[in-house]
Number of protein chains: 2
Amino acid sequence: STRVQAMIEKETPVTQRPYTFLRESDEGGAEGSSSNANSVRARFEKMIREVQDSVCTALEEVDGGGKFKEDVWSRPGGGGGISRVLQDGNVFEKAGVNVSVVYGVMPPEAYRAARPVDNGNVKPGPIPFFAAGVSSVLHPKNPFAPTVHFNYRYFETDAPNDAPGAPRQWWFGGGTDLTPAYIFEEDVKHFHSVQKGACDKFDASFYPRFKKWCDDYFYIKHRGERRGLGGIFFDDLNDYDQEMLLSFSTECANSVIPAYIPIVEKRKDTPFTDEHKAWQQLRRGRYVEFNLVYDRGTTFGLKTGGRIESILVSLPLTARWEYDHQPVEGSEEWKLLDACINPKEWLH
Amino acid sequence: STRVQAMIEKETPVTQRPYTFLRESDEGGAEGSSSNANSVRARFEKMIREVQDSVCTALEEVDGGGKFKEDVWSRPGGGGGISRVLQDGNVFEKAGVNVSVVYGVMPPEAYRAARPVDNGNVKPGPIPFFAAGVSSVLHPKNPFAPTVHFNYRYFETDAPNDAPGAPRQWWFGGGTDLTPAYIFEEDVKHFHSVQKGACDKFDASFYPRFKKWCDDYFYIKHRGERRGLGGIFFDDLNDYDQEMLLSFSTECANSVIPAYIPIVEKRKDTPFTDEHKAWQQLRRGRYVEFNLVYDRGTTFGLKTGGRIESILVSLPLTARWEYDHQPVEGSEEWKLLDACINPKEWLH
């Protein structure tokens, strides 16, 4: 455990947001393709910080009361992050929008957790890596307003310390997915159609492929059900042009507001009963189960010694576990559960 | 996943509690030491079923209203269990007391999860096993009444299918531990002194050793804190006389009532505020984190395809996660957290 936690240095709170979390050697000094302000590293960091700003602004506007609290932190050897959390607002129970930039060293076990698809030339020794991402989970109070999650990230491995000339690897990952407690078909269709729109600008195969990947990824094995109604998800994506994938990630991240905000606007004030709330809380229990047991980002973060409060901000403010709860067949609760067990094609 | 879930057959609900869950070949037919009514398997099953009965009776008496709901289930090839849950009673939010008897086959990965201490002659192939145990978590409503957990279990491996003459292995595991949201020193001392009393009847080294083991085991690595104030815990115990360990497990299981019931009786009606309740709920969030991320019984159960509702009955009815909550230094909440970070010797 000490060894694993040592992979990333302990973070320190800082009072001012720095212009960049990149190491100085990465941001402007050298002229290599990944070592200046036009590098993918630098442009990806800029993108995720702009997304964080625009999403937080949109959310405060919808909430009409709650304000984001910001924590900025850095690590001595480079990297850091900005965590923003709005808790107990008018509309949102808990909304977290984080960006982070990490320089670390992966032991093989963490490397597998971050990237289980071995492409054949992974070295068994410790691997220096760079990772940057925006990650967000928004849990509204109203049981008819869905939870949304999005995460867009970029990874690079450096050459192993014992093989300085070896080629670097890079890949993109991410996705946006919707987790309602009750199904409004028009909402789910709207959400998926925005995802499809973002995908179709780049490759007609992306939406069907990443929609299925999402259904497969957010699977709670021990329950035989998905945590929600999906969206898109992709990981380890490096078999396309790097610039194209940077644009694609940017497009997806910028689609969060049009995909989600109209839905939460429409549902935030719907009257509800204690029974509706209890069902929402049970579904939030499933959210906790998925995130703590299966989510790669969470389990990777817990293993690498990332900033715990930033990692676990994805957990809902409150959750519930009733013994052997079974919705009545044909009820609204049952319909949601059915769609989590048997994923649907929402755009057909 | 299909492979792993196939290790234990799917359970079927049954309407009557059978006299025993042992396979017929185990309960009376043959004359081998583990193949009749005096076998350790048979006597352990009898013990845990008696403990389940006596604990449930004591809890219904304390609760003064809630009644246990019982689910009995069995598996075609032998084994089964009895789950009893009291939910939303007067005193208990959720109280689960389960017994189970399992015949299964362990793949090496599950075997490691169940028994990480390799003693040097573990075979890499699938290993048939027998496991029986009583497992219980009791979550009271009142934030001044602590949660308690106990689990006593007995494992045997059969000879591997491809080596019928190879020696069997057996071991005992278990423990009883206390998780309050607020410290009443007299309660914690009472609880630990009952554990010590049970241990001291068998070996003066047991209490100090198993107290420390408990502090080490219930450690939430990513938080740097324990889930509660400990008690005793032991696992993989086979380096003592088997009869002695059966008696010891029985003594420990029978100590649950005198260790816990007086505490919950004393605290169940203490007046409390919303702030006390919110702190209890935050600590229950930690309980969920430990159980889903680290607990060997839970993670083993999720991997082997055990009965999910029985495995996850340990989770509290409700839990809470606030971003970056920090108790005020010197407060009662801070004192609890401090004792979870720096385990104390309660009997000095």
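All figures in this text were calculated on a predicted structure; none of them were measured in a lab. Residue numbers start from 1 in every chain, and the chains themselves are labelled A, B, ... in the order their sequence lines are given, proteins ahead of strands.
- With a 4.5 Å cut-off on non-hydrogen atoms, A:Ile308 touches chain B through its side chain but not through its backbone.
- Side-chain contact between B:Arg283 and B:Leu337 is present, with heavy atoms from C-beta onward closer than 4.5 Å.
- Under the salt bridge (charged side-chain N to carboxylate O under 4.0 Å, His left out) criterion, B:Lys10 pairs with no residue at all, not counting sequence neighbours.
- Every residue two or more places apart in sequence or in another chain that forms a ring pair (Phe, Tyr, Trp, His ring centres under 6.0 Å) with A:Phe290 is listed here: A:Tyr217, A:Phe218.
- When atom types are taken as modelled, the side chain of A:Glu309 and the backbone of B:Asp324 share a donor-acceptor pair closer than 3.5 angstrom.
- Aromatic rings from A:His149 and A:Phe233 are positioned such that their centres are separated by 6.0 Å or more.
- Annotation: ring pair (Phe, Tyr, Trp, His ring centres under 6.0 Å) contacts of A:Tyr287 (sequence neighbours excluded): A:His139.
- Scanning residues 84-99 of chain B against chain A with a 4.5 Å non-hydrogen threshold yields B:Val85, B:Gln87, B:Lys94, sorted by number.
- Screening A:Arg320, A:Arg223, A:Arg226 for a salt bridge (Lys or Arg N to Asp or Glu O under 4.0 Å) with A:Glu289, the sole residue that qualifies is A:Arg223.
- Interface remark: A:Ile311 contributes no atoms to any contact with chain B (heavy atom separation under 4.5 Å).
- Residue B:Leu282 does not touch chain A at all, counting heavy-atom pairs closer than 4.5 Å.
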